[in-house]
Amino acid sequence: MCGITGAIEFKRSQYLNFEEGSDLHNYIRRRGPDYYGVEKIEYEGWSVTLAHSRLAIIDLSEASNQPMISHDDRYTITFNGEIYNYQEIREELISNGFKFRTTGDTEVLLRAWECWGEGCLDKLNGMFVFGLFDKIKGEFYLVRDRFGVKPLIYTFFDGQLLFSSSIASVAKQINQEIDLEYCSSGIRFGFFEGYEDRTPFKNVKYLMPGSLMKCTLDGELKIETKSWYSLEEQVAKKRKELESLSSDELISQGKALLESSTKIRLRSDVPLAISLSGGVDSSSIAAITAKEVNHLMAFSYGAPDHPKSEGPTINKFAKDKNINVEYIHHSYTAQEMGNIYDQTMEAQESPFLGLSIIAQHEVYKQVKERNIKVLLGGQGGDEIFAGYRKFFVVALKKAIEKKEILPGLQYFHSLALMLIFETKQIKTYWNEKNRYLKTTGKDTSFLDCLPNISLNLFENTSLSNRQISDIQKYSIPSLLRYEDRNSMYFSIESRLPFMDYRLVEFALALPDLLKIKYGYGKWILREMMKKDVPGYILKNRLKRGFDVTQNWVNDGVGERIQSNILENKNKVKDFVSDISRLEDSLTIKNLNNSNILNEAIMLDFLIDPIKKPTLQ
């Protein structure tokens, strides 16, 4: 896990500075503090620079430092991520006559490309982005993993290319303006990443998940971008494979896949731990990991005896599984709360929604203080097994449209049970209604600079296709960004078993009635784990977040947001037409409304979008 950056420049006009301590290094320094390396290759009239800031996780020796050059000096690679099945691929390559100088996954990736070229990508199980230059053919490749777990940002400027793991570093180099459509998708519809290839800055783009960009160095850069992975195609293929299996066989296969995806992510040469929330997803990962790792450590936001958090449930479960839990439930001064908010904004390099991102930031800070470098989490379980409440409505709506009476009655029964058990959440659902009921999304309170965009989050689609949309657009991309930026700010690798492509494809291909049943989402996951996770977790229908953050606006976050905005009125006027209305909106009472809070966080970002990196 690392930070990467690099460029393709004309030799006659190169000006980008990749030296240690430069901006291009400092913005990725926290992602990889263990070693920084730069390789510059000249090819005809071009200069190709590859740089790498390393977080050493597998093969801690200097031999695995990057950028790495192939044995024959043909290929140079800078790679961020982990290839979890590198040991299996290594054995296959050895059987094909390849030899290795290291025990790490970077050399395996490099040798795999030598052996199979682009075809090696289908063999990779992991999270990865990399830049690779072929000095014989004069071809440069940028590649991103299937679901975009790791970021890869690029821009073209004056016929040249700059790429990085950091949005801010690229935007600063080319002095780009804000992309207000990207900002609008977050405020109006609740997602940022996934809105095409946009970042917060115009002409600064994400390489899309499952994509490959090939740059041929000729008289000018010739660009070819294509998808190397199609989730839709793989789910359709998997559905045919599963259609003859019984429910019991599907449950057994799902359990085996989840165990495999978790165990393969335990490969590490440094200490690892788990994130534990008390929900089905993280508890499932914890139960599997606890069987494999002695003296397993977990980190949880909340307190073991706090009635408004999941702490009591977590404490009981941890004792059952002999897991040592570190609870994050500090008391903060107003100054400290404000500093935590500002630090989270710096880490994200983009706007975010709500206070849970700040709480997540604090979890990773605690992990860092305990000298843990790898943390497993439960991100993705709700999306692939249909845990969100909206999926109940999607399934019911489609059953009604197709006149499927029995499934329709079952989905209606599940939806009714869910609403009965979550009556206290009705206010939250009501606040979110316009995201789904209006094609223009939520209205803004004071941030009138955001353009209208039109989307239909309740599009006429099947449950599986709606889940695919969440994985590709509406949910997972933003959640992955939040997790990646918070974890890497503290030089921690976050691993997500539920995002294993084998498990994702399997879960999406399942029959709908194995996902939503008896008032539960993720029904099959609960069945898969019923021998390992206790009923007081599996049978709990309530979904809870970081509950103890509810007073943070009053305790310092609100005051910091107010001061950040109101002390910069000269910049505010570019985004808000009525300053007096803004001041009325930014009261502490109003900031406790999630919609107004999100607008305020957005405005705070807009007036100061590129933060100077704080170095460790």
Side-chain angles (χ1 to χ4, degrees), residues 1 82 84 125-127 147 149 251 253-268 271-302 310-311 313-328 360 363-364 367 372-387 476 479-480 483-484 486-487 492-504 506-507 521-538 540 543-546:
M1 187 65 63
E82 295 290 354
Y84 299 121
N125 185 347
M127 51 181 181
F147 307 121
V149 180
I251 290 169
Q253 188 173 140
K255 176 71 176 295
L257 279 172
L258 181 56
E259 289 178 338
S260 174
S261 67
T262 302
K263 291 175 183 178
I264 203 171
R265 283 164 174 75
L266 301 180
R267 294 173 173 178
S268 172
L272 59 78
I274 59 171
S275 174
L276 188 56
S277 71
V280 175
D281 302 337
S282 67
S283 297
S284 297
I285 302 303
I288 295 170
T289 305
K291 295 179 181 180
E292 306 294 323
V293 178
N294 294 326
H295 311 295
L296 179 63
M297 178 176 286
F299 292 85
S300 179
Y301 194 88
E310 291 180 311
T313 299
I314 294 167
N315 193 44
K316 184 178 181 182
F317 173 74
K319 288 180 179 178
D320 290 343
K321 298 296 179 181
N322 196 29
I323 298 172
N324 179 32
V325 183
E326 290 273 346
Y327 292 96
I328 295 90
Q360 183 190 64
V363 170
Y364 282 111
V367 175
I372 301 294
K373 295 182 78 171
V374 175
L375 193 73
L376 272 68
Q379 195 77 266
D382 280 314
E383 286 80 7
I384 72 171
F385 284 114
I476 281 293
L479 294 177
L480 291 177
E483 182 141 1
D484 172 80
N486 277 335
S487 62
I492 295 164
E493 177 173 298
S494 174
R495 296 181 175 180
L496 308 172
F498 284 108
M499 294 309 299
D500 188 303
Y501 77 95
R502 299 169 300 166
L503 187 61
V504 172
F506 168 83
K522 298 184 288 195
W523 183 84
I524 190 172
L525 176 60
R526 298 171 199 269
E527 288 295 296
M528 286 159 45
M529 298 307 300
K530 66 183 180 181
K531 293 182 179 179
D532 299 292
V533 177
Y536 58 80
I537 291 176
L538 294 180
N540 183 12
K543 291 187 70 65
R544 301 172 69 172
F546 293 123

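Because the structure is predicted, anything quoted here is derived from the model rather than measured. Numbers here simply count residues along the sequence, with the first being 1.
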Mind checking whether Met529 and Leu258 have side chains closer than 4.5 Å, heavy atoms only?
-> yes

With sequence neighbours left out, what residues match Phe498 under ring-ring contact (aromatic ring centres under 6.0 Å, His included)?
-> none

Any idea which heavy atoms bring Phe385 and Ala507 closest together, and the distance?
-> CE2-CB, 3.7 Å

Rounded to the nearest 0.5 Å, the OG atom of Ser494 sits from the CD atom of Glu82 at a distance of 11.5 Å

What residues, two or more places apart in sequence or in another chain, satisfy side-chain hydrogen bond (donor to acceptor under 3.5 Å, both in side chains) together with Lys291?
-> Asp532

Is there side-chain contact between Phe506 and Gln253, with heavy atoms separated by less than 4.5 Å?
-> yes

Are any non-hydrogen side-chain atoms of Ser487 and Glu493 less than 4.5 angstrom apart?
-> no

Which side chain to side chain donor-acceptor pair (under 3.5 Å) pairs, counting each pair once, include a residue from residues 316-325, with sequence neighbours left out?
-> Asp320-Tyr536

Thinking salt bridges, do Glu292 and Lys263 make one under a 4.0 Å N-O criterion?
-> yes

Lys522 and Asp281: CA distance, side-chain angles, deciding distance, side chain to side chain contact (heavy atoms under 4.5 Å, CB included) verdict | CA-CA 9 Å; Lys522 298 184 288 195; Asp281 302 337; 3.1 Å; yes

Point-to-point distance, once rounded to the nearest 0.5 Å, from OG1 of Thr262 to CD1 of Ile285 | 3.5 Å

Once you round to the nearest 0.5 Å, how far does OH of Tyr84 lie from CD1 of Ile264?
-> 9.5 Å

Say whether, by atom type as modelled, one donor and one acceptor occur between the side chain of Arg495 and the main chain of Leu376 under 3.5 angstrom.
-> no

So, Ser277 and Ser282: side-chain donor and acceptor under 3.5 Å apart, yes or no?
-> yes

Hits for side-chain hydrogen bond (donor to acceptor under 3.5 Å, both in side chains) against Ser283, two or more places apart or cross-chain, chain-then-number order -> none

With distance as the sole criterion, is a donor-acceptor pair present between the side chains of Arg502 and Ser261 under 3.5 Å?
-> no

From CA spacing to verdict: side chain to side chain contact (heavy atoms under 4.5 Å, CB included), Asp500, Leu257 = CA-CA 9 Å; Asp500 188 303; Leu257 279 172; over 6 Å; no

side-chain hydrogen bond (donor to acceptor under 3.5 Å, both in side chains) partners for Gln379, two or more places apart = Glu483

Minimal heavy-atom distance between Leu525 and Ser284, with the atoms involved, is CD1-OG, 4.2 Å

Of all the heavy-atom pairs spanning Val149 and Leu480, show the shortest one and how long it is.
-> CA-CD1, 3.8 Å

Look at the side chain of Tyr501 and the backbone N and O of Gly126, then say whether any donor-acceptor pair between them is shorter than 3.5 Å.
-> no

Grab the two heavy atoms, one from Ala318 and one from Val325, that are nearest each other, plus how far apart they are.
-> CB-CG2, 3.3 Å

Just how far is it from atom CG of Asn486 to atom CD of Gln360, taken to the nearest 0.5 Å?
-> 4.5 Å

Sequence-distant partners of Lys530, side-chain hydrogen bond (donor to acceptor under 3.5 Å, both in side chains), two or more places apart = Glu527

Leu266 versus Leu272: any side-chain heavy-atom pair under 4.5 Å?
-> yes

Backbone N/O of Ala256 and side chain of Ser260: donor-acceptor pair under 3.5 Å | no

Side chains of Phe299 and Ile274 in contact at under 4.5 Å (non-hydrogen atoms) = no

Please assess Tyr301 against Ser275 for the test side chain to side chain contact (heavy atoms under 4.5 Å, CB included), listing each intermediate value before the final yes or no.
-> CA-CA 9 Å; Tyr301 194 88; Ser275 174; over 6 Å; no

Looking at side-chain heavy atoms only, is the closest gap between Pro271 and Met297 below 4.5 Å?
-> no

What pair of heavy atoms forms the shortest contact from Gly278 to Ile537, and how long is it?
-> O-CG2, 3.7 Å

With side chains defined as the heavy atoms from C-beta onward, is the minimum distance between Ser300 and Ile328 less than 4.5 Å?
-> no

How many angstroms lie between atom CD1 of Ile524 and atom NZ of Lys255, to the nearest 0.5 angstrom?
-> 12.0 Å

Side-chain contact test, heavy atoms from C-beta onward, threshold under 4.5 Å: evaluate it for Phe147 versus Met127 and give yes or no.
-> no

Heavy-atom pair of closest approach, residues Ala298 and Leu276 = CB-CB, 4.0 Å

